[in-house]
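What's counted below: heavy atoms across the whole structure, side chains too, no hydrogens, waters or symmetry copies. All ligand and atom numbering here is 1-based and tracks the order in the structure.
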Amino acid sequence: MEKFTLIAIVILCTISSTYGYQPYQSNIPNGNIVPNPCANGIWPGVGHQAVNGGGARNPFGVAFAAAGRNWTTAFCQADSDGDGMSNGEELGDPDCVWTKGATPNATTGLSHPGVCTPVNSAACCGKQSWLSCGVACNTTTTQAAATTATSGAPQLFTYHCVFYIISLIVCALR
Ligand SMILES: *[C@@H]1O[C@H](CO)[C@@H](O)[C@H](O)[C@H]1NC(C)=O
Ligand SMILES: *[C@@H]1O[C@H](CO)[C@@H](O)[C@H](O)[C@H]1NC(C)=O
Ligand SMILES: [Ca+2]
């Protein structure tokens, strides 16, 4: 194998094991610790409907793409999920002053900027049928939709597994 290919593989393996292949987290404040409003733990695929990313985008992800995947003032001040809190307030940058690589104003008390919360509130009801929680809106339509809402996750899981297995094999063989 050529030396250049080997170097590329080593870099790829290092990146995939260190950062878990979530390339855009660092473009938003606290992108690696956004809480999961449906369960304990975090929501690594912040801009996606599936917790681990991939597949359809949630409202925050749609706005993120429209902003050129950049933490612009307008994107920070927007309330993408429509729950009354701006994206900046939810992600610990209430004054929209954060720049990539800096420590945000707050690193605790965060909430998900792409999921309207509280998920069962009147303000959120009916807005996010793709969500795997928050079915207590008391409509059968919403409940039926919610039971199928996690369909994006297995596909991405497979994708990640394949990526990691190939990386591991190549890492082991080099
Ligand atoms: C992102 O923002 C930075 C500074 O805020 C700017 O230099 C850069 O051009 C922007 N990139 C895009 C794609 O808008
Ligand atoms: C954090 O944000 C709050 C609310 O806007 C502000 O009062 C405070 O000065 C900020 N702290 C820092 C260190 O920027
Ligand atoms: Ca919001």
Just go through P94, G92, A106 and tell me whose heavy atom is the nearest to atom 4 (C) of ligand 2. P94
By atom name, which N, O or S atom belonging to D79 lies closest to the Ca ion (ligand 3)? OD1
Identify, by name, the N, O or S atom of D81 lying closest to the Ca ion (ligand 3). OD1
K100 (side chain) donor-acceptor with S26 (main chain) under 3.5 angstrom: no
Just by distance, no angles: are the side chains of W71 and D93 close enough, under 3.5 Å, to form a donor-acceptor pair? yes
Report, rounded to 10°, the angle at the Ca ion (ligand 3) between the two atoms OD1 (D83) and OE2 (E90). 90°
E89 backbone or side-chain N/O/S under 3.0 Å from the Ca ion (ligand 3): no
side-chain contact (heavy atoms from CB on, under 4.5 Å), paired with L110, selected from V34, I42, I33: I33
Could you measure the distance from the CZ atom of F75 to the CZ atom of R69? Nearest 0.5 Å is fine. 11.5 Å
Please check if a non-hydrogen protein atom sits closer than 4.0 Å to atom 2 (O) of ligand 2. yes
Between N87 and S80, a side-chain donor and acceptor under 3.5 Å: yes
Taking atom types as modelled and ignoring hydrogens, do the side chains of E90 and S111 form a donor-acceptor contact shorter than 3.5 angstrom? yes
Quick check on the Ca ion (ligand 3): does M85 put an N/O/S atom closer than 3.0 Å to it? yes
Counting N and O atoms only, with roles assigned by atom type, does the side chain of Q49 sit under 3.5 Å from a partner on the main chain of N58, one being a donor and the other an acceptor? no
Nearest protein heavy-atom contact for atom 14 (O) of ligand 2: which residue, which atom, what distance? N105 ND2, 3.3 Å
Which protein non-hydrogen atom lies closest to atom 6 (C) of ligand 2, naming both residue and atom, and how far is it? D95 OD2, 3.9 Å
